[in-house]
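Only heavy atoms go into these numbers, but all of them, side chains included; no hydrogens, no water, no symmetry mates.
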Amino acid sequence: LSEDLEENKKSEQICEEIIGIEGTADEEPKEQCQKQKHKLKMAKNMKMKSLIKHRKNSKSEAALTPETLLVDLDTIEGIADSPGDPQVKCQKQKIRIKISEKIKQLDFKKWQKNSKSPETPTVELDFNGNLEQNRLAEAQQQLLEAEECLFSSKEVTRAEDEEDKLHTDYEIFILRLRLVIHDSFSEDNQETLKSALTSILKEEAQDRRWAEVAVDQRPIWRPARCRKIHDTLLQNIVEQRMKNADEQENKADNLSTSLKKEVCRMGKQVQKDLLRVVRNLRECYPPDFDICQTYAQLYHQAFSTRLQELARSNISLEECLYILSWIVDYYPKDVLKHKELEEHINNSSLGPLLPEEDLKRLEKQYFSYKENELRKWLSNAFEKEVKKWSDDIEPELMDGYYFSNFAVDVLPLVDGAVKDVNTLLSCECKAWSLLNQLDSFLLSYKTSLEELIKRKQENIPKTLSANLVNIYQFRDYVQKPEHPFSEDTRTACLSTLADLKKICYKYFLGLIHTELKPLYHNLWTQVWFAGHCEVVEELVKALENNIDNFKELKPVCREVRTNFAAYRF
């Protein structure tokens with residue numbers, strides 16, 4: 001009994017979600033009124049039939065009688081019979097009516113247990129029999145035939161009971177159709193879904209036929225708008241699945257904030273469900289439905305709507321970065337470009353996940369942070385390097401040459417920041433703006449190096465030797481065409497680096513000339529003119545000794561400029 005009650009409760013919940021007064025939004029008030037009166041009369045008739053039919057049921061089934069699923073008919077009758085303008089009453093009558101006889105005839109317990117596939121009958125079935133066997137296309141065909149028979153008659157008047165019965169059968173069929181569509185993602189429902197979709201196409205064709213007939217000559221249930229019902233239900237299904245996506249199942253439970261968990265959960269749900277559409281549902285649908293693109297658009301819209309709400313809230317920088325990562329990287333590349341989805345979905349027609357205004361706001365928040373972060377990194381690295389100079393700390397030796405980690409530490413910070421901005425913002429001007437900081441950084445470097453050589457410190461030659469290595473590393477980075485410098489910034493940086501080299505070489509040449517200066521007095525003398533080679537040999541030997549003092553200067557820094565005489569002192 002408890003199992004039956006639980007099944008009935010689930011069925012009732014589904015009905016409450018999907019039963020409504022179909023089509024009233026775009027119908028004339030008079031037509032709405034006629035349909036609503038029919039529903040009220042039909043409900044009263046059904047209650048009486050239901051009571052008679054269920055007297056013979058067992059005690060366990062008595063608990064599942066239509067009274068448990070029916071609104072108070074006395075209340076409905078009171079509304080219908082109350083005085084006032086009937087059309088106004090009908091417009092106010094947008095309430096959800098639970099029709100017990102529909103649910104009784106559908107026999108939800110049977111439907112839930114037998115929904116795997118339509119069965120091939122051994123004998124010809126009537127309308128209710130076809131519904132019980134999930135043969136919706138056959139049941140709908142019987143309705144069409146009955147409709148043709150009833151309305152093709154040239155008689156002006158038709159039996160009201162016959163029309164009411166056919167209308168009731170149509171209501172039952174539409175309800176079953178809704179249930180099948182609502183259960184689209186169930187693997188056991190695929191054959192039934194195919195049958196339902198066939199019936200939708202036939203109903204659409206019938207609606208078009210009746211559209212050519214005067215309204216007062218049509219059946220009251222025309223147009224049935226089954227395709228619209230289908231599309232609306234698909235949208236509701238998608239919204240509910242996105243809302244109820246499980247965090248653990250989508251591997252989002254280990255993220256640091258609730259916003260990041262929600263974004264990840266929704267994004268993973270999009271991919272998972274679209275894969276199910278491609279693998280399972282695509283084969284059920286006729287090509288006219290373009291079902292893969294339809295679902296892709298619905299999931300895209302649901303994801304976009306929620307992202308807009310989140311982006312407009314007060315989010316942290318970490319959350320801003322995470323949303324941008326999904327918009328620019330994960331969603332277009334990992335989700336939509338999945339190998340199984342790519343050929344079935346036209347990504348370009350989906351549109352952006354965020355409106356330009358919201359996206360620009362996130363990009364501005366992120367870029368401002370990266371700008372300040374890079375400025376802070378460069379400042380900290382520069383202060384540490386200058387402190388070593390001030391403290392006259394001897395540079396490290398690596399492979400026998402003086403070496404500094406300054407450029408090695410700074411350039412990856414700059415390059416990483418530029419790549420991050422290029423990846424998330426896809427705007428070259430933003431990268432240019434970041435690299436402009438390198439120009440001002442090198443100017444500060446030049447000023448500090450000029451101040452250093454004015455001091456009388458023991459380790460200045462060694463410090464300059466190590467800094468020449470830095471200067472060449474900076475130059476190589478700036479010269480590479482793949483690094484997105486603006487031409488003005490590149491030129492300015494290379495000019496500053498050339499000045500830095502001159503500062504170092506001028507200092508080294510100054511030391512050499514100071515050592516050689518006493519020997520210069522022997523030049524241009526009578527002894528020198530007399531051909532005595534001792535003067536030149538002494539000068540060459542002194543020069544070689546001084547050059548030998550630069551053996552700890554990296555070769556690339558010695559070989560670039562060998563013409564020391566180019567500098568005048």
- Message: With heavy-atom distances below 4.5 Å as the criterion, would you say the side chains of L193 and L197 are in contact?
- Response: yes

- Item | Derivation of the salt bridge (Lys or Arg N to Asp or Glu O under 4.0 Å) call for E371 and K376 | CA-CA 9 Å; E371 242 186 348; K376 183 179 179 180; over 6 Å; no

- side chain to side chain contact (heavy atoms under 4.5 Å, CB included) between I345 and N347, intermediate numbers included: CA-CA 6 Å; I345 296 174; N347 298 337; 3.4 Å; yes

- Message: Would L359 and L353 count as a side chain to side chain contact (heavy atoms under 4.5 Å, CB included) here? Give the steps.
- Response: CA-CA 9 Å; L359 183 60; L353 267 179; over 6 Å; no

- Item | Set of residues satisfying side chain to side chain contact (heavy atoms under 4.5 Å, CB included) with respect to L201, sequence neighbours excluded | P286, F289

- Taking the side chain as every heavy atom from C-beta outward, state whether F173 and E203 have any atom pair closer than 4.5 Å. yes

- Message: Minimum heavy-atom separation for A302 and V238, please, with both atom names.
- Response: CB-CG1, 4.1 Å

- Of the non-hydrogen atoms in A196 and L177, which two are nearest, and what is the gap between them? CB-CD1, 3.6 Å

- Query: Does any pair with a residue in residues 278-305 pass salt bridge (Lys or Arg N to Asp or Glu O under 4.0 Å), and if so which ones, sequence neighbours excluded?
  - Reply: R279-E340

- Note on the structure: Residues passing the side chain to side chain donor-acceptor pair (under 3.5 Å) test with E147, sequence neighbours excluded, are Y170, Q206, W210, W221, R222

- Query: Do you see a donor-acceptor pair shorter than 3.5 Å between the side chains of E487 and T491?
  - Reply: no

- Query: Which atoms form the tightest heavy-atom contact between A245 and R265, and what is the distance?
  - Reply: O-CD, 2.7 Å

- Item | Sequence-distant partners of K243, salt bridge (Lys or Arg N to Asp or Glu O under 4.0 Å), two or more places apart | none

- Query: Do T192 and S195 get their side chains close enough for a donor-acceptor pair, meaning under 3.5 Å?
  - Reply: no

- Sorted by chain and number, sequence neighbours left out, side chain to side chain donor-acceptor pair (under 3.5 Å) with D273 holds for R241, Q269, Y299

- Verify, without hydrogens or angle tests, whether R227 (side chain) and I200 (backbone) share a donor-acceptor contact under 3.5 angstrom. no

- Message: Any carboxylate oxygen within less than 4.0 angstrom of a Lys/Arg side-chain nitrogen, looking at D358 and R361?
- Response: yes

- Task: Decide, yes or no, whether a salt bridge links K337 with E342 under the criterion of side-chain N to carboxylate O below 4.0 Å.
- Result: yes

- Message: Are the side chains of L438 and V478 in contact, using a 4.5 Å heavy-atom criterion?
- Response: yes

- Got E239 and N236 here, is their nearest side-chain heavy-atom distance under 4.5 Å? yes

- Message: Quick check for you: to the nearest 0.5 Å, what is the distance between Q142 atom CD and L144 atom CG?
- Response: 10.5 Å

- Hey, could you give me the CD/CD1 distance between E163 and I220, rounded to the nearest 0.5 Å? 7.0 Å

- Minimum heavy-atom distance between S304 and P352, given as atom pair plus value: OG-O, 4.3 Å

- Message: Less than 4.5 Å apart, side chain to side chain, heavy atoms only: is that true for L435 and V418?
- Response: yes

- Between atom CG of L179 and atom CD1 of I174, what is the distance when rounded to the nearest 0.5 Å? 11.5 Å

- Query: So how far is it from I181 CD1 to I237 CD1, rounded to the nearest 0.5 Å?
  - Reply: 7.5 Å

- Item | For K430, side chain to side chain contact (heavy atoms under 4.5 Å, CB included) partners two or more places apart | F367, V421, L425, C427

- Message: Keeping R218 on the side-chain end and V213 on the backbone end, is there a donor-acceptor pair under 3.5 Å?
- Response: yes

- Message: Distance check, rounded to the nearest 0.5 Å: T305 atom OG1 versus M242 atom CE?
- Response: 9.0 Å

- Query: Are any side-chain N or O atoms of Q301 and backbone N or O atoms of L298, one a donor and one an acceptor, separated by less than 3.5 Å?
  - Reply: no

- Show your reasoning for whether side chain to side chain contact (heavy atoms under 4.5 Å, CB included) applies to I315 and L259. CA-CA 9 Å; I315 61 175; L259 182 145; 3.6 Å; yes

- Query: With sequence neighbours left out, what residues match D329 under side chain to side chain contact (heavy atoms under 4.5 Å, CB included)?
  - Reply: K333

- Heavy-atom side-chain contact between L336 and L341 under 4.5 Å: no

- Take atom CZ in R312; do more than 12 heavy atoms of anything else shown fall under 6.0 Å from it? yes

- Task: Can you sort out the partners of T423 under side chain to side chain donor-acceptor pair (under 3.5 Å), two or more places apart, ordered by chain and number?
- Result: none

- Query: Nearest heavy-atom pair of Q190 and S186: which atoms, and what distance?
  - Reply: NE2-O, 2.6 Å

- Side-chain contact test, heavy atoms from C-beta onward, threshold under 4.5 Å: evaluate it for F441 versus V410 and give yes or no. yes

- With sequence neighbours left out, write down each residue that passes ring pair (Phe, Tyr, Trp, His ring centres under 6.0 Å) with F185, or none if nothing qualifies. Y295

- Message: With a sphere of 6.0 Å drawn around CD of E212, does it hold more than 12 non-hydrogen atoms of other residues, nucleotides or ligands?
- Response: no

- Message: Quick check against the 3.5 Å criterion: does D207 have a side-chain atom that pairs as donor or acceptor with the backbone of A224?
- Response: yes

- Pairwise ring pair (Phe, Tyr, Trp, His ring centres under 6.0 Å) hits with a residue in residues 328-348, at least two apart: H300-Y331, F303-Y331, W326-Y330

- Query: Quick one: CD on E138 to OG1 on T198, what's the gap to the nearest 0.5 Å?
  - Reply: 8.5 Å

- Item | Partner set under side chain to side chain contact (heavy atoms under 4.5 Å, CB included) for H483, not counting sequence neighbours | D415, Y477, K480, F485

- L234 and I291: side chain to side chain contact (heavy atoms under 4.5 Å, CB included), yes or no, with the steps? CA-CA 10 Å; L234 255 55; I291 196 60; 3.7 Å; yes

- Task: State which residues pass salt bridge (Lys or Arg N to Asp or Glu O under 4.0 Å) with R306; sequence neighbours excluded, sorted by chain then number.
- Result: E262, E309

- Query: Does a donor on one side chain sit under 3.5 Å from an acceptor on the other, for T257 and E318?
  - Reply: no

- N436 versus T489, side-chain donor and acceptor atoms under 3.5 Å: yes

- Message: For a quick test of reading the model, state the closest non-hydrogen atom pair linking A137 to S199 and the distance between them.
- Response: CA-CB, 4.1 Å

- Have E191 and N134 got a donor and an acceptor in their side chains that come within less than 3.5 Å? no

- Task: Taking the side chain as every heavy atom from C-beta outward, state whether L321 and L424 have any pair of such atoms under 4.5 Å apart.
- Result: yes

- Derivation and outcome, side-chain hydrogen bond (donor to acceptor under 3.5 Å, both in side chains), residues N346 and S348: CA-CA 6 Å; N346 180 9; S348 60; 2.7 Å; yes

